[in-house]
Protein chains: 2
Amino acid sequence: MVKGKIAIRKINCSKSRQVTFFKRRTGLMKKAKELSILCDAEIGVIIFSCTGKLYEYASSSMSSVIERYNKMKQDNQQQSITTEEIQVNAKDQVKTRMYSLN
Amino acid sequence: MVKGKIAIRKINCSKSRQVTFFKRRTGLMKKAKELSILCDAEIGVIIFSCTGKLYEYASSSMSSVIERYNKMKQDNQQQSITTEEIQVNAKDQVKTRMYSLN
DNA sequence: TACACTATTTATAATAG
DNA sequence: TCTATTATAAATAGTGT
């Protein structure tokens, strides 16, 4: 992505991986916060590092996000769910996102 | 941020907000996926749009992420939790992230 | 070991379709 | 409602301290 783009696959060097994890985790949290503010969305992000450490962001509170998520899932059980698969890029694994229909 | 940067506050125009929501949601999901691959992290992202639509990404499965989250929270109940507050930028609201200590 | 720098890639605002 | 284009802002990989 910068000064020589990197391939999206696991970074083997533990040191580099930690540095990248810090930078990108910070960036992801910032983006999540911006999106929640700009678009009035309720957002929860949960990250477990490869060492098992937990990092989280919630625009409201994580428990409220999880509750709402579970409730939505229950309500949608009798409805069909559309699963759309898109490629992040041609070589990479498939990224699956699920959209509820209501 | 581009062709005239925007302030991070709720976009009032519904049409613009929707377009921005689509773009940034896509970007956030991509970043989450990249981070999970690059750094071997388990990540879950839950987004409710302002119209109540649910969008989600999980590197493994959302239920496994939520389970692990709940378990971690239980285990940490007797430990102290550090709350660190950082500014996304000087004018904006405070963004709170919580780090577990173990 | 965590920041600071910066060249470069990536994300995206405005716009049109 | 979503996609495409493009100019520009933001993110970040590699490096230095």
Side-chain angles (χ1 to χ4, degrees), chain A residues 1-41 43 45 47 49-51 53 55 57 81-93 95-102, chain B residues 1-41 43 45 47-57 82 84-93 95 97 99 101:
Chain A
M1 282 105 185
V2 214
K3 278 189 178 170
K5 62 189 288 188
I6 59 162
I8 302 300
R9 61 163 160 273
K10 181 178 173 182
I11 299 169
N12 287 314
C13 172
S14 159
K15 161 108 193 206
S16 308
R17 193 169 61 242
Q18 276 193 317
V19 172
T20 294
F21 182 69
F22 175 83
K23 288 182 184 176
R24 283 179 171 257
R25 173 171 51 78
T26 305
L28 189 72
M29 296 306 203
K30 183 180 174 191
K31 291 281 189 185
K33 182 182 174 52
E34 290 184 351
L35 179 58
S36 76
I37 295 173
L38 287 168
C39 302
D40 201 22
I43 301 182
V45 179
I47 303 176
S49 75
C50 59
T51 58
K53 228 171 180 169
Y55 301 86
Y57 165 75
I81 301 285
T82 302
T83 300
E84 181 191 356
E85 300 196 325
I86 64 170
Q87 301 280 131
V88 164
N89 67 51
K91 287 195 217 138
D92 274 322
Q93 303 86 327
K95 163 183 176 181
T96 303
R97 285 188 296 166
M98 296 181 58
Y99 298 91
S100 65
L101 289 179
N102 75 336
Chain B
M1 280 105 187
V2 213
K3 279 189 175 172
K5 64 188 287 189
I6 59 163
I8 302 300
R9 61 163 159 274
K10 182 178 173 182
I11 299 169
N12 287 315
C13 171
S14 160
K15 161 101 193 212
S16 309
R17 193 170 59 241
Q18 277 193 319
V19 172
T20 294
F21 181 68
F22 174 83
K23 289 182 185 174
R24 282 178 171 258
R25 172 171 50 78
T26 305
L28 188 71
M29 296 307 202
K30 184 180 173 191
K31 290 282 190 185
K33 182 183 173 50
E34 290 185 350
L35 179 58
S36 75
I37 295 172
L38 286 168
C39 302
D40 200 23
I43 300 182
V45 179
I47 303 176
F48 289 100
S49 75
C50 57
T51 59
K53 227 171 180 169
L54 169 65
Y55 301 85
E56 63 179 297
Y57 165 74
T82 301
E84 181 189 357
E85 301 193 328
I86 63 171
Q87 302 279 130
V88 164
N89 67 51
K91 287 195 216 138
D92 274 319
Q93 303 85 329
K95 163 182 176 185
R97 286 187 298 168
Y99 299 90
L101 289 177

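A, B, ... follow the sequence lines: proteins, then strands. Residue 1 opens every chain. This one's a predicted model, so the numbers in the text were calculated from it and none came from an experiment.
A straight line from CD of B:Glu34 to P of C:dA11 spans 6 Å, rounded to a whole angstrom. Taking atom CG of residue A:Leu38 and atom C1' of nucleotide C:dA14, one finds them 15 Å apart after rounding to whole Å. In this structure, the CZ atom of B:Arg24 is 10 Å from the P atom of C:dA14, given to the nearest Å. Distance A:Ile6 CD1 to D:dG14 P: 6 Å, rounded to the nearest Å. Distance A:Phe22 CZ to D:dA11 C1': 14 Å, rounded to the nearest Å. Rounded to whole angstrom, the span from the CD1 atom of B:Ile11 across to the C1' atom of C:dT12 amounts to 11 Å. The distance between atom NZ of A:Lys15 and atom P of D:dG16, rounded to the nearest whole Å, is 13 Å. Atom CG in B:Leu35 sits roughly 9 Å away from atom P in D:dT12 (whole-Å rounding).
With sequence neighbours excluded, the residues that form a side-chain contact (heavy atoms from CB on, under 4.5 Å) with A:Ala41 are A:Ile43, B:Phe21, B:Ile47. Residues satisfying the side-chain contact (heavy atoms from CB on, under 4.5 Å) criterion with B:Ser14, sequence neighbours excluded, are B:Arg17.
To the nearest 0.5 Å, atom CZ of residue A:Arg24 and atom CD of residue B:Glu34 are 5.0 Å apart.
Phosphate proximity of D:dC2 to B:Gln18: absent, as no side-chain N or O sits under 4.0 Å from OP1 or OP2. OP1 and OP2 of D:dA13 both lie 4.0 Å or more from every side-chain N or O belonging to A:Ser16. Contact annotation: B:Lys5 side-chain N/O to C:dA13 OP1/OP2 distance is not under 4.0 Å. The side chain of B:Lys30 places an N or O atom within less than 4.0 Å of a non-bridging phosphate oxygen (OP1 or OP2) of C:dA11.
Minimum heavy-atom separation, B:Tyr57 to B:Lys33: OH-CA, 3.3 Å.
Residue B:Lys23 places its side chain closer to C:dT12 than to any other of D:dG14, D:dA11, C:dT12.
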